[in-house]
Amino acid sequence: MLSGSLLPVLETAAPATPCAGCSASCCREYAVPLTANDVARIVADQSLDFWDFVCRWEDRDGLISRGIVPHFRFEDDPENRFVIGLRPVESRQLPGTRMCRFLDEASDSQGCGNSARCSVYESRPVVCRVFPFRWDSNGRVAVQPGVERGAEEVAGRPALCPSRWNLTDEQSEQAAADLEQCREEMAVLRLLAERWNRHPGPWELFPEFLRIVSARLNLVEA
């Protein structure tokens with residue numbers, strides 16, 4: 001069941017492959033918000049249509065947005081608040097559960113999910129790029145609480161990451177750059193939400209709105 005937001009690393013035995021042994025739990029656990037740049041990049045890189053991978057998540061209680069991702073309103077349901085995100089699909093490995101549209105379970109020859117991988121890794125959304133990083137109260141890169149092995153008591157469920165993280169300087173610098181990119185893309189998305197929400201249109205016209213905005217802002221950079 002997808003719940004919550006991917007927004008905000010890691011103590012591993014093999015920093016060169018920090019996600020080795022990952023069960024892709026985060027790709028099954030979370031609703032994944034999308035920025036306008038994410039949509040433009042995936043459309044351009046993967047030759048997909050908006051409707052192939054985008055959905056709107058009802059977010060009445062703000063559990064997905066967490067005060068970070070902007071809400072959009074639509075003409076067909078004006079009293080509700082939505083987050084634009086990746087459309088989930090049914091898991092073949094775990095019937096009755098859902099997962100990210102781009103999770104490739106076929107890469108796991110054992111059928112247990114331990115080597116399932118992102119099929120659009122180079123084009124993945126910015127919140128996937130920053131996960132599980134966040135800024136701490138001192139403005140330093142830190143791991144999001146409750147996702148590392150050994151944090152089960154904090155999260156109340158099995159840890160999402162199979163090991164703990166010790167960041168190298170290079171990893172920390174990349175995480176900081178990704179977090180800054182996320183901040184910038186969310187700022188742009190908030191401006192778009194403000195503009196759209198002045199006169200909410202139908203959901204069916206939203207892709208054209210994003211297409212026009214993306215063309216004007218040239219939102220195709222990785």
Side-chain angles (χ1 to χ4, degrees), residues 2 4-8 19 24 26-59 64-65 68-77 80-92 98-107 116-131 174 177-222:
L2 295 172
S5 168
L6 272 176
L7 285 173
C19 293
C26 54
C27 303
R28 306 177 191 275
E29 179 75 12
Y30 292 111
V32 182
L34 292 170
T35 67
N37 201 51
D38 290 331
V39 174
R41 182 171 55 248
I42 292 172
V43 166
D45 292 354
Q46 305 299 321
S47 299
L48 292 173
D49 183 75
F50 177 95
W51 300 112
D52 290 332
F53 65 96
V54 182
C55 71
R56 56 179 183 175
W57 290 92
E58 183 179 313
D59 192 35
I64 298 174
S65 66
I68 299 173
V69 184
H71 286 118
F72 288 82
R73 296 183 182 273
F74 295 94
E75 188 177 74
D76 59 298
D77 194 358
N80 207 345
R81 302 186 302 171
F82 295 91
V83 168
I84 307 305
L86 281 181
R87 178 170 58 83
V89 297
E90 186 82 5
S91 169
R92 293 183 179 181
R98 309 190 85 184
M99 65 179 195
C100 173
R101 158 75 169 74
F102 294 120
L103 182 63
D104 179 14
E105 291 183 314
S107 64
R117 290 293 179 261
C118 177
S119 63
V120 294
Y121 187 78
E122 295 302 324
S123 307
R124 68 196 186 282
V126 69
V127 295
C128 299
R129 293 172 186 268
V130 303
F131 183 81
Q174 183 60 57
D178 290 339
L179 284 164
E180 178 61 20
Q181 179 185 349
C182 185
R183 185 195 66 78
E184 292 175 355
E185 291 194 21
M186 286 300 166
V188 171
L189 192 64
R190 279 192 290 274
L191 292 175
L192 300 186
E194 290 173 6
R195 179 172 180 178
W196 172 268
N197 290 338
R198 291 173 192 164
H199 304 285
W203 172 232
E204 291 76 14
L205 292 185
F206 190 71
E208 183 64 11
F209 168 76
L210 276 191
R211 187 192 66 78
I212 292 172
V213 169
S214 298
R216 289 177 178 177
L217 298 180
N218 194 29
L219 299 181
V220 293
E221 293 297 325

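All values reported here derive from a predicted model rather than from experimental measurement. Computation of the quantities below employed the complete heavy-atom set of this structure, encompassing side-chain atoms and omitting hydrogens, waters and symmetry-equivalent molecules.
- Between the side chain of R190 and the main chain of I68, a donor-acceptor pair closer than 3.5 Å is present.
- Formation of a donor-acceptor pair under 3.5 Å by the N197 side chain with backbone atoms of R73 is found in this model.
- The two atoms that bring V130 and C182 nearest to each other are CG1-CB, 3.9 Å, heavy atoms only.
- When all heavy atoms of R124 and R41 are compared, the closest pair comes out as O-NH2, 3.2 Å.
- At a threshold of 4.5 Å between non-hydrogen side-chain atoms, the residues V54 and L34 count as touching.
- Heavy atoms only, all atoms of each residue included: M186 and P70 are closest at SD-CD, 4.2 Å.
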Open item on the list: Assess the residue pair R101 and L48 against the criterion (side-chain contact (heavy atoms from CB on, under 4.5 Å)); give the C-alpha distance rounded to whole Å, side-chain angles, the decisive distance to 0.1 Å, and a yes or no.
Closed with: CA-CA 12 Å; R101 158 75 169 74; L48 292 173; 4.2 Å; yes

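- Taking both residues in full, the closest heavy atoms of P207 and W51 are given as CG-CZ2, 3.3 Å, listed atom of the first, atom of the second, then distance.
- The distance from atom CG of L192 to atom OG1 of T35, rounded to the nearest 0.5 Å, is 9.5 Å.
- F72 pairs in a ring pair (Phe, Tyr, Trp, His ring centres under 6.0 Å) with only one of the listed residues (F209, W203, F82, F206), which is F206.
- In this structure, L205 CG and W196 CH2 are separated by 6.0 Å, a value rounded to the nearest 0.5 Å.
- Heavy-atom minimum distance, C26 versus F131: CB-CE2, 3.6 Å.
- Between the side chain of R87 and the backbone N or O of D52, at least one donor-acceptor pair lies under 3.5 Å.
- In plain terms, the two heavy atoms of L86 and C55 that are nearest each other are O-SG, 3.4 Å.
- For the pair W57/P88, a side-chain contact is recorded, criterion being any heavy-atom separation below 4.5 Å from C-beta on.
- Taking CD of Q46 as the start and CD of E122 as the end, the distance is 10.0 Å to the nearest 0.5 Å.
- Panel note: side chain D45, backbone S123; no donor-acceptor pair is recorded below 3.5 Å.
- When atom types are taken as modelled, the side chain of E185 and the backbone of N37 share no donor-acceptor pair closer than 3.5 angstrom.
- No side-chain heavy atom of V120 sits less than 4.5 Å from a side-chain heavy atom of F53.
- By the 4.5 Å heavy-atom criterion applied to side chains, Y121 and F102 are not counted as neighbours.
- Contact annotation: the side chain of E208 approaches that of R211 to within less than 4.5 Å [non-hydrogen atoms, C-beta and beyond].
- In this structure, the side chains of E75 and P202 come closer than 4.5 Å at one or more pairs of heavy atoms.
- From H71, atom NE2 reaches atom CG of N80 across 9.0 Å, with rounding to the nearest 0.5 Å.
- The CD atom of E105 sits 12.5 Å away from the CZ atom of R117 when rounded to the nearest 0.5 Å.
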Open item on the list: Show, in sequence, the C-alpha distance, side-chain angles and deciding distance for R56 and D76, and conclude whether the salt bridge (Lys or Arg N to Asp or Glu O under 4.0 Å) test is met.
Closed with: CA-CA 13 Å; R56 56 179 183 175; D76 59 298; 2.6 Å; yes

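- Rounded to the nearest 0.5 Å, atoms SG (C118) and CG (D104) are 9.0 Å apart.
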